[in-house]
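Remember, it's a predicted structure, so these values are computed and weren't measured experimentally.
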Amino acid sequence: MPNQNDTIEVELLNRVSRENLWETNRRIAEWVRLSGSRDERAAFEYVKGLLDEYGIATTWLEHPALVSYPLEANLEVIDAAGRTLARYACLSHAFSASVDSLEADIIDLGFGAPADYAANDARGKVVLLNGLATPTAVYAAERAGSIGQVFINDDHLHNMIVSTVWGTPTPQSAERLPKSPVVSMVAADGAALRAHIATGVTRVRIRTRVFTGWQSTPIVIGELPGRASDDFVMFSGHLDS
């Protein structure tokens, strides 16, 4: 015989509407929901309207937050005279630095393991790294003296946040905010750039534009009161020694 919890679960699942779920996600996906943007606010207003229709008590809060998102980026391989030899579209990342034109030599450090940095001088150089642009990878590169990082993704570019600071920076943690431009490129472009580096000293020019600033961001809270208390006794009685 099924227990009461199994019966309740089946009843709840039968009430889930695939059509409503699809429509809700379709509507939310109409907006590019950058933090603090009008589109984000429109999406929150839509969700709040749905919750209100369902009879769920809602509260709208405004939260001041330091937000960041990429706007544009590109990378060029250049010769000694600054002439462009190759140009690649890139994706920059939240909380990385904006630069109009950073020119420097680039070195290939593979996965950027400690041994890779120990064997190569990254000071004043851009480093080429495999994988996603993670906060720890960027932090390690900057600590090694790198002034820019280029990550090779797969066939798709992946949006990442490259700051090791979680939440609003404090006076103590703010120094860990990234100070260098960080970009990612797809695998095919990464292989082409790696081939350039393999031929000898390679110089690149990086341009990034990243928005970083304080924005008022919405938070919608929905409250559905229960019909019974969830209090329960963890332990009752005594233990014999």
Side-chain angles (χ1 to χ4, degrees), residues 34 66-114 116-153 156-165 169 173-213:
L34 297 175
L66 182 66
V67 302
S68 182
Y69 46 82
L71 298 173
E72 59 181 304
N74 62 66
L75 179 147
E76 297 173 333
V77 177
I78 59 176
D79 62 17
R83 293 183 293 259
T84 301
L85 303 177
R87 180 186 176 92
Y88 304 103
C90 299
L91 173 68
S92 191
H93 298 286
F95 289 105
S96 65
S98 293
V99 292
D100 290 330
S101 180
L102 171 68
E103 295 186 10
D105 292 343
I106 185 170
I107 57 175
D108 185 355
L109 287 189
F111 286 97
D116 298 319
Y117 283 105
N120 297 275
D121 185 3
R123 291 174 297 178
K125 297 183 178 70
V126 174
V127 294
L128 180 66
L129 299 164
N130 295 322
L132 299 178
T134 64
T136 51
V138 171
Y139 186 62
E142 289 195 334
R143 290 192 67 186
S146 168
I147 59 173
Q149 297 85 49
V150 180
F151 289 84
I152 302 177
N153 292 179
H156 303 279
L157 294 173
H158 298 269
N159 275 293
M160 300 293 289
I161 298 174
V162 296
S163 170
T164 60
V165 180
S173 66
E175 62 87 21
R176 297 205 320 269
L177 290 171
K179 301 171 181 61
S180 55
V182 184
V183 300
S184 291
M185 55 175 49
V186 294
D189 290 342
L193 178 56
R194 180 160 276 153
H196 272 290
I197 298 172
T199 64
V201 176
T202 301
R203 196 163 181 81
V204 295
R205 178 188 296 124
I206 296 175
R207 178 177 181 273
T208 59
R209 194 159 66 92
V210 178
F211 172 83
T212 301

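Judged by distance alone, with hydrogens and angles left aside, the side-chain atoms of Thr84 form no donor-acceptor pair with the main-chain N or O of Gly82 at under 3.5 Å. In this structure a side-chain-to-backbone donor-acceptor pair under 3.5 Å is missing from Ser146 to Val126.
Every residue two or more places apart in sequence or in another chain that forms a side chain to side chain donor-acceptor pair (under 3.5 Å) with Ser68 is listed here: Thr212. Qualifying side-chain contact (heavy atoms from CB on, under 4.5 Å) partners for Pro178, counting only residues two or more places apart in sequence or in other chains: Phe95, Val138, Glu142, Val162, Ser163. Shown here are the salt bridge (charged side-chain N to carboxylate O under 4.0 Å, His left out) partners of Arg83, two or more places apart in sequence or in another chain: Asp79. Not counting sequence neighbours, the partners of Arg194 by the side-chain contact (heavy atoms from CB on, under 4.5 Å) test are Asp108, Leu128, Asn130, Ile152. Considering only residues two or more places apart in sequence or on other chains, Glu72 meets the side-chain contact (heavy atoms from CB on, under 4.5 Å) condition with Arg207, Arg209. For Arg203, the salt bridge (charged side-chain N to carboxylate O under 4.0 Å, His left out) partners are Asp105, not counting sequence neighbours.
Pairing each heavy atom of Leu109 with each of Leu129, the nearest pair is CB-CD2, 3.8 Å.
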Candidate pair Val165 and Leu66, rule side chain to side chain contact (heavy atoms under 4.5 Å, CB included), full reasoning: CA-CA 11 Å; Val165 180; Leu66 182 66; over 6 Å; no
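A distance of 12.0 Å separates CG in Asn74 from CG in Leu91, rounded to the nearest 0.5 Å. Taking CG of Leu177 as the reference point, atom OG of Ser96 lies at 11.5 Å (rounded to 0.5 Å).
No more than 12 heavy-atom neighbours from other residues, nucleotides or ligands sit within 6.0 angstrom of CD1 on Ile161.
There is no side-chain donor-acceptor pair under 3.5 Å between Ser184 and His158.
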